Amino acid sequence: MKNKITVIGSLNYDMILKISRMPYKGESFPANGMVASAGGKGANQAVQAAKLGHPTYMVGCVGSDEMGEFLLKTAAKYNVNTEYVRKTSGSSGMAVINNLEDGSVYAVVVKGANYEVSKQDIDSSLPILKESGVCILQNEIPAEIVEYSIKKAKEAGCVVVFNAAPAIEIKEEYLSMVDILVVNEVEAEFYCGEVIDSVDKAVEQIKVMADRLGNSVIFTLGAEGSVVATGGKVEIIPSIKVEAVETTGAGDSYIGAISHCLIEEMDLISACKFATKCSSVTVCRYGAQDSMPTLEEIR
Ligand code: RIB
């Protein structure tokens, strides 16, 4: 397989607020600290893939502000090629992430420049898509552009890994077109129309979904691990027990790692086991991109 990875998606400036509980309505609640770091599902997934050693290209938009500069510099620091990231005249995407003491996170994301990604941007990236073995996508750019990108990436011959996060309406024909669909339990409920409140329920529903779409599906379930449906089989991959401090980017670390394994021609179950190791390291440190492990660390 071609060894390049292209990620089409978002870049966000993350502000992670350390709080002991969520504020009540009308309350001004003090945070115990703030960590600012580079994020965005797209850029996070690109950084994890690059940290594992593959030539990785980011396609997206940042604003013409200091946050945009910071996002480009951080991606480049981690060896992500940003020549297909366009600067718009507006502001960059950003996220305010409330981080509770148990490591859980509640995020609000400002769309910013991510929603200016256009068909023209995707067309401009066709040369690199044609050279890529894997293309990764998420839902932090307009749905219409996600659908267009899926089609273009398939035509270019890429294996398409689609992280349908956050959950938004994507036409079934495009969901069926991707090779691997990855969602967490909240997104899985949206796409299945069923409550996923246990691993058993996840196993039941992932099979229905994989049969419906005719592709491989992964449900990431946080501390419960993940469930994979591929080639007519369903497997539960348990999580690795660690002391999580902040879980932002855990799912992105998992997806970047899976893409690395696909390039290495590993089977999907082994890929998910490797990805579980990567995300278990990511949750033990603050921030998304800064906390992701290198291949050396995983070894
Ligand atoms: O998946 C984590 C990411 O989601 C954060 O970095 C934040 O920017 C949001 O996009």
Side-chain angles (χ1 to χ4, degrees), residues 7 9-48 50-51 58 60-78 80 82 85 87-88 90-116 138-141 163 165-166 184 186 220 222-223 242-256 278-294 297:
V7 182
S10 57
L11 303 96
N12 289 332
Y13 184 84
D14 288 353
M15 288 197 290
I16 303 167
L17 309 184
K18 299 183 191 178
I19 52 173
S20 54
R21 63 165 173 80
M22 293 297 280
Y24 298 120
K25 185 177 177 185
E27 183 185 28
S28 299
F29 187 68
N32 295 324
M34 193 275 280
V35 177
S37 72
K41 294 184 192 304
N44 294 347
Q45 293 168 15
V47 164
Q48 180 61 89
K51 281 192 177 186
M58 182 74 211
C61 288
V62 293
S64 51
D65 46 18
E66 283 179 21
M67 294 189 287
E69 278 305 317
F70 172 73
L71 295 174
L72 289 173
K73 273 195 193 135
T74 310
K77 177 175 92 180
Y78 292 124
V80 174
T82 58
V85 179
K87 264 195 186 175
T88 71
S91 21
S92 297
M94 65 176 281
V96 176
I97 299 169
N98 294 296
N99 169 217
L100 301 190
E101 283 160 357
D102 64 359
S104 59
V105 292
Y106 297 78
V108 180
V109 181
V110 182
K111 296 172 177 176
N114 297 312
Y115 270 64
E116 294 189 46
Q138 326 74 34
N139 275 338
E140 287 188 322
I141 58 174
N163 175 213
N184 70 14
V186 178
T220 55
V242 292
E243 295 228 349
V245 294
E246 198 269 310
T247 57
T248 304
D252 302 327
S253 177
Y254 188 99
I255 289 158
C278 288
S279 55
S280 73
V281 173
T282 301
V283 299
C284 293
R285 308 193 274 227
Y286 281 96
Q289 298 173 18
D290 300 330
S291 67
M292 292 172 176
T294 61
E297 281 181 277

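Nothing here was measured: the structure is a model prediction, and the numbers come from that model.
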Open item on the list: Using the side chain to side chain donor-acceptor pair (under 3.5 Å) definition, which of the options Gln48, Gln289, Gln45, Lys51 pairs with Ser253?
Closed with: Gln48
Quick one: side chains of residues 63-73, donor-acceptor pairs under 3.5 Å with protein atoms, not counting sequence neighbours, listed by atom name and distance.
residue	atom	partner	partner atom	Å
Ser64	OG	Thr88	O	3.2
Ser64	OG	Ser89	O	3.3
Asp65	OD1	Gly68	N	2.9
Asp65	OD1	Ser92	OG	2.6
Asp65	OD2	Ser92	N	2.9
Glu69	OE2	Lys87	NZ	2.2

Task: Shortest non-hydrogen contact between Pro166 and Glu140, atoms and distance - done: CD-CG, 3.7 Å
- [ ] Give the minimum heavy-atom separation between Ala50 and Val80, together with the two atoms involved.
- [x] CB-CG2, 3.8 Å
- [ ] Return the set of residues passing side-chain contact (heavy atoms from CB on, under 4.5 Å) with Glu27 (not counting sequence neighbours), or none when no residue passes.
- [x] Arg21, Pro23, Tyr24, Phe29
TODO: Answer yes or no: is there a donor N or O on one side and an acceptor on the other, between the side chain of Asn98 and the main chain of Leu17, under 3.5 Å?
DONE: no
- [ ] Only one of Leu100, Val96, Ile97, Ile19 passes side-chain contact (heavy atoms from CB on, under 4.5 Å) with Tyr106; say which it is.
- [x] Leu100
Task: Backbone of Gly251 reached by a side-chain donor or acceptor of Ser279 within 3.5 Å - done: no
TODO: Kindly give the heavy-atom pair with the smallest separation between Val245 and Asn99, and that separation in Å.
DONE: O-ND2, 3.5 Å
Task: Check: Ser91 side chain, Gly112 main-chain N or O, donor-acceptor pair, under 3.5 Å - done: no
Task: Lys41 NZ to Ile255 CD1 distance, which is reported to the nearest 0.5 Å - done: 8.0 Å
- [ ] Grab the two heavy atoms, one from Asn44 and one from Gly249, that are nearest each other, plus how far apart they are.
- [x] ND2-CA, 4.3 Å
- [ ] Quick one: closest heavy-atom pair of Cys284 and Val242, and the distance?
- [x] SG-CB, 3.7 Å
Open item on the list: Keeping Glu246 on the side-chain end and Gly287 on the backbone end, is there a donor-acceptor pair under 3.5 Å?
Closed with: yes
Open item on the list: Looking at Asp14 and Ile16, would you say the former's side chain and the latter's main chain have a donor-acceptor pair under 3.5 Å?
Closed with: no
Task: Side-chain heavy-atom pair Val47, Met58 within 4.5 angstrom cut-off - done: no
Task: Side chain to side chain, Tyr286 and Lys18, heavy atoms closer than 4.5 Å - done: yes
Open item on the list: Just by distance, no angles: are the side chains of Ser20 and Glu101 close enough, under 3.5 Å, to form a donor-acceptor pair?
Closed with: no
- [ ] Using atom types as modelled and distance alone, determine if a side-chain donor or acceptor of Thr294 lies under 3.5 Å from a backbone N or O of Glu297.
- [x] yes
Open item on the list: If you define the side chain from C-beta out and look only at heavy atoms, does anything of Asn163 sit under 4.5 Å from Asp252?
Closed with: yes
Open item on the list: Quick check: closest heavy atoms across Asp290 and Ser37, and the distance to 0.1 Å?
Closed with: OD2-CB, 4.0 Å
Task: Distance in Å, Cys278 SG paired with Tyr254 OH, rounded so as to fall on 0.5 Å steps - done: 10.5 Å
Open item on the list: Taking Ala250's backbone N and O only, do any of them form a donor-acceptor pair with Thr282's side chain (distance below 3.5 Å, no angle check)?
Closed with: no
